[in-house]
Colleague: 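Before I ask anything, here is the structure I am working with.
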Amino acid sequence: MTAASVAPAYSGISSGIPGLDEILCGGLSPERLYLIEGLPGTGKTTLALKFLLEGVKQGESVLYITLSETKSELEAVAKSHGWSLEGIHIHEVIPSEDLLDPAQQHTLFHPSEVELGDTTRDISSVVEKFKPSRIVIDSLSELRLLASNALRYRRQVLAYKQFFARRNCTVLMLDDRPDMHDMQIRSIAHGVIALEQVQQEYGSEKRHLRVIKLRGVQFRGGAHDYVIEKGGLVVFPRLIPSTTRAQSKTMRQLSSGLDRLDSLLGGGLEEGTSTIISGAPGTGKSSLAAQFVSAAIARGQNAAMFIFEEAATLLVNRTKSINIDLLTPLEKGNLIIQQIDPAEMSPGQFTHRVCSAVEKNETKIVVIDSLNGYMNAMPNEHYLAVHLHELLTYLGQKGVITILVGVHSGMIGNIMSSAGETSYLADNVILIRHFEFHGEVRQAISVFKKRAGSHERTIREFTITGQGIRVGNSLRDFHGVLTGVPTFEGKQLDEA
């Protein structure tokens, strides 16, 4: 299901987590029972506390019924996030230490028969006392064990559902992921949210949130990345470009700031297009991307650069040496440079950062340097090309120019395979190539692909100097430039 067909009249209550509310297309339906399931460590308690804190913020009476954790443990969780639990009624339904006394053991009845009844009465009385509008029960594992069989367990939860519904309560029941053959609660609950934690071979673990079920609402389906940080869960809804699709409009051509490069590109890059600058290491790909950024800033537009390999300080100093000033717009806020830590970020989190830069800073040009770094930073993600396609589509609909830097193997020679083989996703492909001439390594630039219009088919010399980037004349007197070892067929080399 997608968010595109959500009924406009739907209005839920906030979970306290903006990303989750977006996935639910407005929040949770009030006065319903929800199941939050996941293995220990996935953030169920953190999500539940945030849900109750949102209720406190709205002036509601809220209740946390714990059957496993103590109040002090919950307070420790809250403290780690910088929260105060003031306003949350915490009720412990935990067996007392008297059970350790052999004299207290039941012999006539099975312990579960006595304890389940006591637990039910305890929960009912505390709900009647505080009359909460939001309730969390943590966790169902205890109730399942007390019920001792599936039929009794199901009837018990059904009874709770009716009890809470008559008292207009919105309830979250936490479960440590029951056996997959035990779907009793999934069928009873109004909605089911699953939290998953995936261990990586290298780097930090990745977490995914899925809405398994939500009656009456066409939620945003699929796996959504999330992280647990100080302040609670941060959920990154999966990007669905179709929800922001707009009628196409005339795309303006924007100059690179270099006349001869604009000629190669048939006038410049069009708004809403994506471009891959491909080449071997040392050909000047990142410098050319910085040139596009500098030209955009000179037009009064904002830009963002997301770099995987190079340090931000090194990038600023290196571009300064070739007469491209990135420091001034960075200090003024016209440019965002974010250095991405490999293996520490999920695709959804990266997409969220890019989209936030576009929406909050009105960014009109985005640089991802490099595409290889993006692919290698998340090696266990099997659908990175799909993530990238969704991101490029979204940015295109926003009229943003996206530049991807791609490194291909082979310094000088015939091998030109780009990592990830994702050049088909881009609207334009610019190739910068090393070639050797008279004992000197030089660079050549050409445009291999342009979807939005015509472009030059020529190959031009590409030079980086202390005064900036220069695109030279067409290399018409050379044959085999793309092989890396061309032959010169002219009478005299035009050094201009």
Colleague: Could you tell me whether the side chains of T273 and D427 share a donor-acceptor contact shorter than 3.5 Å?
Modeller: no
Colleague: Is the ring pair F306/F350 parallel, tilted or perpendicular, if the boundaries are 30 and 60 degrees?
Modeller: perpendicular
Colleague: Under a 4.0 Å N-O cut-off, is there an ion pair linking R144 with D175?
Modeller: yes
Colleague: At what distance, to the nearest 0.5 angstrom, does CD1 of I276 lie from OG of S370?
Modeller: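 Here the rounded value is 11.0 Å.
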Colleague: Could K364 and E271 be called an ion pair, given the rule that one side-chain N must be under 4.0 Å from one carboxylate O?
Modeller: no
Colleague: Report yes or no: does T402 contribute a side-chain atom to a donor-acceptor pair with the main-chain N or O of S274 at less than 3.5 Å?
Modeller: no
Colleague: Let's go through K206 and E196 carefully: what are the C-alpha distance in whole Å and the side-chain angles of both, what is the deciding distance for salt bridge (Lys or Arg N to Asp or Glu O under 4.0 Å) to 0.1 Å, and is it a yes or a no?
Modeller: CA-CA 8 Å; K206 300 296 189 295; E196 305 169 355; over 6 Å; no
Colleague: Would you call D176 and K44 a salt bridge, taking side-chain N to carboxylate O under 4.0 Å as the test?
Modeller: yes
Colleague: Taking the six-membered ring for Trp and the full ring for Phe, Tyr or His, determine whether the centres of H91 and Y64 are under 6.0 Å apart.
Modeller: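 When the ring centroids of H91 and Y64 are compared, they turn out to be at least 6.0 Å apart.
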Colleague: Looking at R134 and E60, is there a salt bridge between them, counting it only when a charged N and a carboxylate O are closer than 4.0 Å?
Modeller: yes
Colleague: For E142 and S139, indicate whether the former's side chain and the latter's backbone hold a donor-acceptor pair under 3.5 Å.
Modeller: no
Colleague: If you apply the rule side-chain hydrogen bond (donor to acceptor under 3.5 Å, both in side chains), what do you find for N302 with T363, and how did you get there?
Modeller: CA-CA 5 Å; N302 292 339; T363 298; 5.8 Å; no
Colleague: Measure from the side-chain N and O atoms of K450 to the backbone N and O of I430, and report whether any donor-acceptor pair falls under 3.5 Å.
Modeller: no
Colleague: Quick one: which of L67, V157, L174 gives a side-chain contact (heavy atoms from CB on, under 4.5 Å) with I137?
Modeller: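 The side-chain contact (heavy atoms from CB on, under 4.5 Å) with I137 is passed solely by L67 among L67, V157, L174.
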Colleague: For R207, is there an ion pair with E205 - N to carboxylate O distance below 4.0 angstrom?
Modeller: yes
Colleague: Answer yes or no: is there a donor N or O on one side and an acceptor on the other, between the side chain of E270 and the main chain of A452, under 3.5 Å?
Modeller: no
Colleague: Are any side-chain N or O atoms of K285 and backbone N or O atoms of A280, one a donor and one an acceptor, separated by less than 3.5 Å?
Modeller: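 Yes; at least one donor-acceptor contact below 3.5 Å.
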Colleague: Carefully, step by step, assess E37 and R186 under the rule salt bridge (Lys or Arg N to Asp or Glu O under 4.0 Å).
Modeller: CA-CA 10 Å; E37 60 179 37; R186 282 192 177 186; 2.4 Å; yes
Colleague: Report yes or no: does T319 contribute a side-chain atom to a donor-acceptor pair with the main-chain N or O of L315 at less than 3.5 Å?
Modeller: yes
